[in-house]
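Step one of this worksheet: look at the structure below.
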Amino acid sequence: MAAPAQPKKIVAPTVSQINAEFVTQLACKYWAPHIKKKSPFDIKVIEEIYEKEIVKSRFAIRKIMLLEFSQYLENYLWMNYSPEVSSKAYLMSICCMVNEKFRENVPAWETFKKRPDHFPFFFKCILKAALAETDGEFSLHEQTVLLLFLDHCFNSLEVDLIRSQVQQLISLPMWMGLQPARLELELKKTPKLRKFWNLIKKNDEKMDPEAREQAYQERRFLSQLIQKFISVLKSIPLSEPVTMDKVHYCERFIELMIDLEALLPTRRWFNTILDDSHLLVHCYLSSLVHREEDGHLFSQLLDMLKFYTGFEINDQTGNALTENEMTTIHYDRITSLQRAAFAHFPELYDFALSNVAEVDARDSLVKFFGPLSSNTLHQVASYLCLLPTLPKNEDTTFDKEFLLELLVSRHERRISQIQQLNQMPLYPTEKIIWDENIVPTEYYSGEGCLALPKLNLQFLTLHDYLLRNFNLFRLESTYEIRQDIEDSVSRMKPWQSEYGGVVFGGWARMAQPIVAFTVVEVAKPNIGENWPTRVRADVTINLNVRDHIKDEWEGLRKHDVCFLITVRPTKPYGTKFDRRRPFIEQVGLVYVRGCEIQGMLDDKGRVIEDGPEPRPNLRGESRTFRVFLDPNQYQQDMTNTIQNGAEDVYDTFNVIMRRKPKENNFKAVLETIRNLMNTDCVVPDWLHDIILGYGDPSSAHYSKMPNQIATLDFNDTFLSIEHLKASFPGHNVKVTVSDPALQIPPFRITFPVRSGKGKKRKDADGEEDDTEEAKTLIVEPHVIPNRGPYPYNQPKRNTIQFTHTQIEAIRAGMQPGLTMVVGPPGTGKTDVAVQIISNIYHNFPEQRTLIVTHSNQALNQLFEKIMALDIDERHLLRLGHGEEELETEKDFSRYGRVNYVLARRIELLEEVKRLQKSLGVPGDASYTCETAGYFFLYQVMSRWEEYMSRVKNSGSACPDAAEVATFFPFHEYFANAPQPIFKGRSYEEDMEIAEGCFRHIKKIFTQLEEFRASELLRSGLDRSKYLLVKEAKIIAMTCTHAALKRHDLVKLGFKYDNILMEEAAQILEIETFIPLLLQNPQDGFSRLKRWIMIGDHHQLPPVIKNMAFQKYSNMEQSLFTRFVRVGVPTVDLDAQGRARASLCNLYNWRYKNLGNLPHVQLLPEFSTANAGLLYDFQLINVEDFQGVGESEPNPYFYQNLGEAEYVVALFMYMCLLGYPADKISILTTYNGQKHLIRDIINRRCGNNPLIGRPNKVTTVDRFQGQQNDYILLSLVRTRAVGHLRDVRRLVVAMSRARLGLYIFARVSLFQNCFELTPAFSQLTARPLHLHIIPTEPFPTSRKNGERPPHEVQVIKNMPQMANFVYNMYMHLIQTTHHYHQTFLQLPPAMVEEGEEGQSQETEMEAEEETVSAQGNLTPSPTDASLSQETPASQPDCSSQTEAASNQTEDTSAPCDIATAAEPVSAAAEATTPQDAASVSTETK
């Protein structure tokens, strides 16, 4: 296997290079946004740039990047475009800019939407240019650029402007391009189409000749483009050299075809055109397919196109075809061919009279049709309307190979898609792992196309949807597996020994050499399958390693995935490994196969089962694991060995590699997706079309659902009637009671329900009445029945005053249908989610709700808030491993709930015992739940009924209140409740109290009845299953857990009615979809009633490690984001309560009218200024330090020493002023910088009690969903903007701070970035140097925005700040010293302490002398516990002084810091931390 060449990384130009560029000089003259006086438009500039910069550099990305970044498209090209100035250079320049925007993943069509007038003309010019002769005005490279542009257009059908142009190319009239006989055949198949066709003809006749000609051109465009492509393809020779321009053109063309076939709106009519052109036959017979190097990607793309052309879907209706329907289509084709043969071709009688199964294999077809002449084959094809009729006495122009392939490929038996999938191995092998076209390296630049599926807006069928996700999920896992294998195997240093074997010169924690490997079982296949049901093998390794690593290996659990690897190194002992060179040839890797652990074997060779029993202690170092191999892979390997004489892979393994458990669940998820594809996965009817991206996107909104609910109990949602009225602005609120004293929550609201049908028939006169009625809400206050006399019987209540949009979100969540809530930062998403859950729980007590989140942290936050509401905790259950992080003493895991039920049962039976005793009933009623049930029925109910008859039927008109208390039978039982129980004020009040007491008693027995099952079920596992399936009403899990455990949940019979998803925009598309299908359908229908998704698509998407899958395949698009793009209605929360209004302005431009909650203006913490700092937010410009800006010791591991030192210096300054260290977080956009800042903090101040450590030092991506009062942010990059150009990352970065945000960056770079303009224009409006007020201590009384009474100091650069902090610290130490000396003059009784203090003081003085001698040192501080106790201005507390002096002897260890004279060198070592290799997700 040839090792792939390492791709080059695109190096972004530096700011100085940008400034020196010819483009930049032109930009500054003609279009740069910050230039006030610009020169007038000149068409020659565009011509010159295109020729000199773009064509001359062969469309170099670096040049195009520069142009696009300078806002060339927005401010020059499209602004000045008109038909008069249109030219080749103009068209090509626009296409290059749009393609670059797509490559960078930034919005591309905004500019065109603002000025749409000339777009139709521009688009027609593009179509004309795409069909031009290649040796004419447009070169093949240029036409490849045009193809890519067209592909982007076809993939942007959600943009109205684009759709209006593209629709003309792909609608029914395009069938003009079919040959007449084929057209007739297609119209005969679907009679309805004939009507449409005749209508089109009539309309054409009415057109004027010029318009008709133009329309015909557009309709035939794709047919002509296919013919053009075929001519280019045929010009590629088999072995002579070929220009790569031709190859790239062919690849891009096939990519365009795949994209047209994979979308229903484009496929509907185009698939027939493609079939009629026989494109696939031409491609498979072309020379390019047979060129091994150049044609590899082309062949892979061709296989994808073949897959989609034969996809199991009805093109016209869009319905998925079943296995039977596909078989029928196949049989129809073969029988029509047999009929033709029987009627017209006597030489094919044998074929015509054979049964279908005998003739539909490829070999049989070739046997029958191979001997025929070319002319006969042409006649057969023309009879089937595949080719035009052959005129008499003329020979065919097609060669025989083409005609034979045309007939054979059309009629051969196809293996069904689901069979293909079931035969596919789930583990990647070496062939896939290192194939750059399928799994590109991290250096993917976005230039070429790849053989990967794309996730766009729409999918053909659910099968197509699942399959694309399956393939991408598999390949993304493969990429991570490749990184792990390369890391582990290179650490083991495999070298060739003197005798030709393998010797390992190193060791790896995650991999071990295999001592022995044997296959121990190959089970028989199931009926109808040709692969074994299971294959098991034993792997022996020698664990002569450290104990903790040995424990990790021995701790491998059932279902953990490992990889078996064969290496045959060719390099001699001692050869160094070079990470930059191809990996495979260096280590001699030959095979990779996956396996799944069944368990470790004990001394007797039996598998040690996982369980509560302690594991047996095994002697020696040798350990054997029983593993399951992939049966499909085993069958393929064995077939290859027997048929082709290849070596037996399973005799060669010499390395076994394990992976981290958290990253190793890919096989379980893939199996889940595959199982879904094998079942009739039933999505609710109201969701089906929306998931595929078709139909009316608002059809699942509650207002259009047929089962909308008129009256809802809002329980404790509203705090008062005024709150309710404010929550429905524009509505007329009618309260059923007029007495204001009774208008108190809880409220039931009846909404006017308009059925979907009534809406369409709105007549002019009925409209006013309709709106008036539609705006009226009937509100009914109701009293929650008394629950008992104890204080804990009172229900917990909501205390949050929800805004009217939050109320709309809660209302939508309670109604059936799909609810999408967009929650900007700080708008109370979790509070809304919890209230929806609570309201559903109370309105529909028989329904079960499933909560799904992305992270355990979000699940914990939800649970902590749910517990504060009126929800019985016996109905809560948490699945997965995160429950141990819950900050409560209660355990909501399965076994935690089982223990709770058992403990609660004992408590309740004790209560029954007490009740029995109080009633004086003999016997043991409290023995079990069952006996308690009988006791309730015969003893309690009888007394209650007797009491009720006496009190209710006393006969008097006004019953006596005293009787209620007198006859009450449970006085003794309630003796421990607050007395008196009965107030005696009125009969009604006392009667309600009596009924409340009975409800309390009844609830005890109701719960015991529910807990009866735990008496009958004996094992913890059975009890936990019962809880999950029957008892729990609110079940929570992460999306990963749902994907892993779907099989088990369905098997148990798990059922639920509602799903609520938090962080929905951070969950992968497929992991959002799987939770919809965690239950079996009932009678062929899904019982799902509500789906509530809460998220924010303007913040960061799911993490995808490989750039190609992220960018090319759009795998980072969550289902939530796709629904928003499709146009599903959303409720946008519009009031934030997290940050100061000024900080909110930095990101609120991204949202629909996001405002502030009143407390943001009113609370003192928001109105007070940040002490010691002039501004509440500031962008601080950081120039190169010692001539260096950003550095990159490893790929994507960016660091910037100047910024890192500056950030830490500001942090130290704030702590010295008295800011609590835990209120400050340091964020950065790259992993490399995070490690560098941590190193600097460790050296400078981490162990210093006066300063301490910040709350967190992490990346922006990791900090999503969290917040802190003060954020210091380092943007790192100085050459190119990098991934901050993704506005979603900017929004997260800007929205983490509550009170203060200080950003360190290279301003000249970021202020030019078009996408970031709204935020950076506000940031650059303030001074770009740090303004501090050193004499203002924390906290301050100065109001935000006031001029300070103290002197403001401007810091020009990082060394100045570092110096300043150093001096400030020294001053603080000396002041503390002064206090310390005063403190030492103590009375004689405390002399001992004084002496101790003195000895410390002398040590301290000695140290200070050293300090002053060294001149430029700072603290190397520890222990954040004291950091907030010492304000810089008045260290007046003796204990603090002592703490400082006590610490000094071991904390003021000298350590370099930057001064003006000698800048920081200490952190230079930190520029290349060892863990640079472990580049994590955020780095990309």
Side-chain angles (χ1 to χ4, degrees), residues 1-6 428-431 433-434 439 441-443 478-517 539-554 556 561-595 621-623 625 647 649-660 663-664 1193-1195 1197 1472-1480:
M1 186 174 62
Q6 291 280 40
T429 64
E430 70 288 344
K431 286 191 176 70
I433 296 178
W434 283 276
V439 188
T441 60
E442 63 253 47
Y443 284 132
T478 303
Y479 171 70
E480 293 171 24
I481 290 162
R482 174 167 79 196
Q483 288 181 316
D484 288 348
I485 292 176
E486 291 186 357
D487 181 55
S488 295
V489 174
S490 54
R491 284 174 190 276
M492 290 184 74
K493 298 181 183 166
W495 290 315
Q496 192 176 29
S497 69
E498 298 167 22
Y499 309 107
V502 184
V503 59
F504 293 102
W507 73 280
R509 181 178 189 158
M510 307 305 279
Q512 285 291 326
I514 292 176
V515 177
F517 180 90
V539 186
T540 306
I541 57 175
N542 192 13
L543 290 180
N544 184 14
V545 288
R546 294 178 197 150
D547 286 348
H548 68 279
I549 298 176
K550 188 175 182 178
D551 291 344
E552 285 173 11
W553 279 97
E554 289 183 346
L556 282 173
V561 172
C562 292
F563 285 88
L564 303 162
I565 301 165
T566 303
V567 287
R568 291 193 186 127
T570 52
K571 301 281 188 279
Y573 197 93
T575 312
K576 276 201 168 176
F577 285 90
D578 184 355
R579 281 186 182 274
R580 283 166 300 195
R581 289 195 34 247
F583 165 78
I584 289 183
E585 62 188 44
Q586 289 192 76
V587 298
L589 187 137
V590 191
Y591 302 118
V592 175
R593 296 289 181 270
C595 65
E621 308 291 349
S622 181
R623 298 286 180 271
F625 293 93
E647 73 172 327
V649 175
Y650 298 89
D651 287 343
T652 64
F653 298 131
N654 50 14
V655 174
I656 182 169
M657 184 195 86
R658 63 190 172 91
R659 299 178 70 221
K660 291 176 185 162
E663 296 164 8
N664 204 18
N1194 273 355
F1197 197 78
T1472 54
Q1474 287 308 305
D1475 42 359
S1478 62
V1479 181
S1480 146

Measuring from [X]:[atom1] to [Y]:[atom2], what's the distance to the nearest 0.5 Å?
{"X": "Ile433", "Y": "Arg482", "atom1": "CD1", "atom2": "CZ", "value": "8.5 Å"}
{"X": "Ile541", "Y": "Cys562", "atom1": "CD1", "atom2": "SG", "value": "8.5 Å"}
{"X": "Ile485", "Y": "Glu480", "atom1": "CD1", "atom2": "CD", "value": "12.5 Å"}
{"X": "Leu564", "Y": "Cys595", "atom1": "CG", "atom2": "SG", "value": "4.0 Å"}
{"X": "Asp547", "Y": "Ile549", "atom1": "CG", "atom2": "CD1", "value": "9.5 Å"}
{"X": "Gln512", "Y": "Thr540", "atom1": "CD", "atom2": "OG1", "value": "12.5 Å"}

Is there side-chain contact between [X] and [Y], with heavy atoms separated by less than 4.5 Å?
{"X": "Val587", "Y": "Pro569", "value": "no"}
{"X": "Phe577", "Y": "Phe583", "value": "no"}
{"X": "Val515", "Y": "Ser622", "value": "no"}
{"X": "Asp487", "Y": "Gln483", "value": "no"}
{"X": "Ile565", "Y": "Ile656", "value": "no"}
{"X": "Arg658", "Y": "Ser488", "value": "no"}

side-chain hydrogen bond (donor to acceptor under 3.5 Å, both in side chains) with [X]: which residues, sequence neighbours excluded?
{"X": "Asn664", "value": "Arg659"}
{"X": "Thr652", "value": "Thr566"}
{"X": "Thr570", "value": "none"}
{"X": "Ser490", "value": "none"}

Taken in chain and number order and not counting sequence neighbours, the residues that satisfy salt bridge (charged side-chain N to carboxylate O under 4.0 Å, His left out) with Glu554 are Arg623
For residues 499-511, tabulate all N or O donor-acceptor pairs below 3.5 Å that involve a side-chain atom, not counting sequence neighbours.
{"unit_1": "Arg509", "atom_1": "NE", "unit_2": "Glu552", "atom_2": "OE1", "d": "3.2"}
{"unit_1": "Arg509", "atom_1": "NE", "unit_2": "Glu552", "atom_2": "OE2", "d": "3.4"}
{"unit_1": "Arg509", "atom_1": "NH2", "unit_2": "Glu552", "atom_2": "OE2", "d": "2.5"}

Sequence neighbours left out, what passes side-chain contact (heavy atoms from CB on, under 4.5 Å) with [X]? Give chain and number order.
{"X": "Thr575", "answer": "Trp495, Lys571, Pro572"}
{"X": "Asp578", "answer": "Arg580, Arg581, Gln586"}
{"X": "Gln496", "answer": "none"}

- Over all atoms of both residues, closest heavy-atom pair of Met492 and Val655: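 Scanning both residues, the minimum pair turns out to be SD-CG1, 3.9 Å.
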The ring pair (Phe, Tyr, Trp, His ring centres under 6.0 Å) partners of Phe653 (sequence neighbours excluded) come to Phe517, Tyr650
Qualifying salt bridge (Lys or Arg N to Asp or Glu O under 4.0 Å) pairs, either residue in residues 495-504, two or more places apart |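 Listed once each, the pairs would be none.
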Problem set entry | Residue pair Val592, Thr429: steps toward the side chain to side chain contact (heavy atoms under 4.5 Å, CB included) verdict | CA-CA 5 Å; Val592 175; Thr429 64; 5.6 Å; no
Hey, is the main chain of Val567 close enough, under 3.5 Å, to the side chain of Asn654 for a donor-acceptor pair? yes
